[in-house]
Amino acid sequence: MDSFETLIGKNINEVVLNESDTFFIAPLKYSNKLCGKRYPSSKYKLSDLDYFNLISFSQLFKKEAILIIWYDETGIITDLEIYYLSNDFDILFNDYYTVKKAIDNGQTHTLTEGDTKYLGASRLNEKVPQPNSDKLANKRELVLKKKYLQKIINEISI
């Protein structure tokens, strides 16, 4: 972890982040509320969602931890945290099943991020065909929702 610790204080735009076999590497911007509490500025994309070739849950979460590289509004890296997603696999699996069930039932066009807790099917603007339905559905990405990232911020000491 020593090599990662040298990232603190650097600008996120000046850092080259290589993929890891062990964990997801997630550079995440945060903002501060007036009270000083931090909150994530965006979701974290895990994968594109292919309605006709759905990635399996085990493939989606083949890495059970996430290395979060927190950076502030100026782009300066302030903190690094490793969080084990396996702590929340039961909720993440239920969210995955909700998305899968909507796809299997031809109801992807009705799916909203509010239907799930931590794993969201984030809507994109492009419309595409979906299985088991004549209706077009918005293309989507599987993301870790801001609500989940906030939970991680609240659980770890930054």
Side-chain angles (χ1 to χ4, degrees), residues 1-51 54-55 57-99 102 108-128 137-158:
M1 186 83 168
D2 289 340
S3 61
F4 285 119
E5 290 171 352
T6 61
L7 296 174
I8 294 178
K10 292 188 177 177
N11 189 294
I12 192 69
N13 297 321
E14 298 170 1
V15 175
V16 176
L17 301 172
N18 298 323
E19 255 189 66
S20 167
D21 292 333
T22 312
F23 42 78
F24 294 104
I25 298 179
L28 294 173
K29 180 179 172 185
Y30 68 87
S31 299
N32 289 305
K33 293 184 178 184
L34 290 176
C35 64
K37 186 174 179 178
R38 295 179 180 186
Y39 64 95
S41 298
S42 63
K43 310 165 195 171
Y44 177 67
K45 177 184 171 182
L46 293 171
S47 173
D48 289 324
L49 182 53
D50 181 347
Y51 300 138
L54 183 62
I55 187 171
F57 182 81
S58 60
Q59 195 58 24
L60 183 62
F61 290 103
K62 63 183 172 199
K63 302 172 188 178
E64 68 178 74
I66 183 170
L67 170 65
I68 304 173
I69 301 171
W70 294 108
Y71 64 96
D72 63 18
E73 294 168 338
T74 66
I76 301 300
I77 298 171
T78 59
D79 299 284
L80 304 169
E81 297 292 339
I82 292 181
Y83 184 82
Y84 290 90
L85 299 168
S86 55
N87 296 335
D88 302 311
F89 272 176
D90 55 340
I91 295 170
L92 291 166
F93 181 78
N94 285 337
D95 290 348
Y96 175 86
Y97 181 75
T98 298
V99 172
T108 311
H109 60 284
T110 65
L111 190 63
T112 68
E113 280 192 64
D115 296 336
T116 57
K117 287 182 81 173
Y118 297 161
L119 178 68
S122 184
R123 190 181 300 216
L124 302 173
N125 287 332
E126 183 182 346
K127 296 265 188 177
V128 296
N138 287 80
K139 197 172 185 180
R140 297 173 188 266
E141 301 172 328
L142 290 171
V143 299
L144 296 179
K145 295 168 60 168
K146 287 169 71 171
K147 174 183 176 178
Y148 184 52
L149 299 173
Q150 184 65 56
K151 173 191 177 290
I152 292 172
I153 288 176
N154 293 344
E155 286 185 11
I156 56 181
S157 59
I158 298 183

Residues in salt bridge (Lys or Arg N to Asp or Glu O under 4.0 Å) with [X], at least two apart?
{"X": "Lys117", "answer": "none"}
{"X": "Glu19", "answer": "Lys63"}
{"X": "Asp50", "answer": "none"}
{"X": "Glu126", "answer": "Lys139"}

Non-neighbouring partners of [X] that pass side chain to side chain contact (heavy atoms under 4.5 Å, CB included), sequence neighbours left out:
{"X": "Ser58", "answer": "Ser56"}
{"X": "Lys10", "answer": "Val15"}
{"X": "Ala102", "answer": "Leu111"}

Partners passing side-chain hydrogen bond (donor to acceptor under 3.5 Å, both in side chains) against [X] (at least two apart in sequence or in another chain):
{"X": "Lys145", "answer": "none"}
{"X": "Gln59", "answer": "none"}
{"X": "Ser20", "answer": "none"}
{"X": "Thr22", "answer": "none"}

Are Lys43 and Glu141 within salt-bridge range, i.e. N to O under 4.0 Å?
no
Quick check: does any side chain N or O of [X] sit under 3.5 Å from a backbone N or O of [Y], one acting as donor and the other as acceptor?
{"X": "Asp95", "Y": "Tyr118", "result": "yes"}
{"X": "Arg140", "Y": "Ala121", "result": "yes"}
{"X": "Gln150", "Y": "Arg38", "result": "yes"}

When you look at Asn138 and Lys127, which way does the side chain to side chain contact (heavy atoms under 4.5 Å, CB included) test go after all the steps?
CA-CA 4 Å; Asn138 287 80; Lys127 296 265 188 177; 3.5 Å; yes
Heavy-atom side-chain contact between [X] and [Y] under 4.5 Å:
{"X": "Tyr96", "Y": "Leu54", "value": "yes"}
{"X": "Trp70", "Y": "Leu80", "value": "no"}
{"X": "Phe61", "Y": "Leu119", "value": "yes"}
{"X": "Ser42", "Y": "Lys29", "value": "no"}
{"X": "Val143", "Y": "Glu113", "value": "yes"}
{"X": "Phe24", "Y": "Leu144", "value": "no"}
{"X": "Lys37", "Y": "Asn154", "value": "yes"}
{"X": "Ile12", "Y": "Ile77", "value": "yes"}

How many angstroms lie between atom [atom1] of [X] and atom [atom2] of [Y], to the nearest 0.5 angstrom?
{"X": "Tyr39", "Y": "Lys146", "atom1": "OH", "atom2": "NZ", "result": "7.5 Å"}
{"X": "Leu124", "Y": "Asp48", "atom1": "CG", "atom2": "CG", "result": "7.5 Å"}
{"X": "Ile68", "Y": "Ile25", "atom1": "CD1", "atom2": "CD1", "result": "12.0 Å"}
{"X": "Leu60", "Y": "Ile55", "atom1": "CG", "atom2": "CD1", "result": "5.0 Å"}
{"X": "Thr78", "Y": "Leu7", "atom1": "OG1", "atom2": "CG", "result": "11.5 Å"}
{"X": "Asp21", "Y": "Lys62", "atom1": "CG", "atom2": "NZ", "result": "8.5 Å"}

Which pairs would a plain distance check flag for residues 87-94, meaning a side-chain donor or acceptor within less than 3.5 Å of a matching protein atom at least two apart in sequence or in another chain?
unit_1	atom_1	unit_2	atom_2	d
Asn87	ND2	Tyr84	O	3.2
Asp88	OD1	Lys151	NZ	3.2
Asp88	OD2	Tyr83	OH	2.8
Asp88	OD2	Tyr148	OH	2.7
Asp88	OD2	Lys151	NZ	3.3
Asn94	ND2	Asp90	O	3.4

Measure across Asp115 and Thr98 and return the closest heavy-atom pair with its distance rounded to 0.1 Å.
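For Asp115 versus Thr98, the nearest heavy atoms are O-CG2, 3.9 Å.
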Using side chain to side chain contact (heavy atoms under 4.5 Å, CB included), reason through Ile152 and Tyr44 one step at a time and then give a plain yes or no.
CA-CA 12 Å; Ile152 292 172; Tyr44 177 67; over 6 Å; no
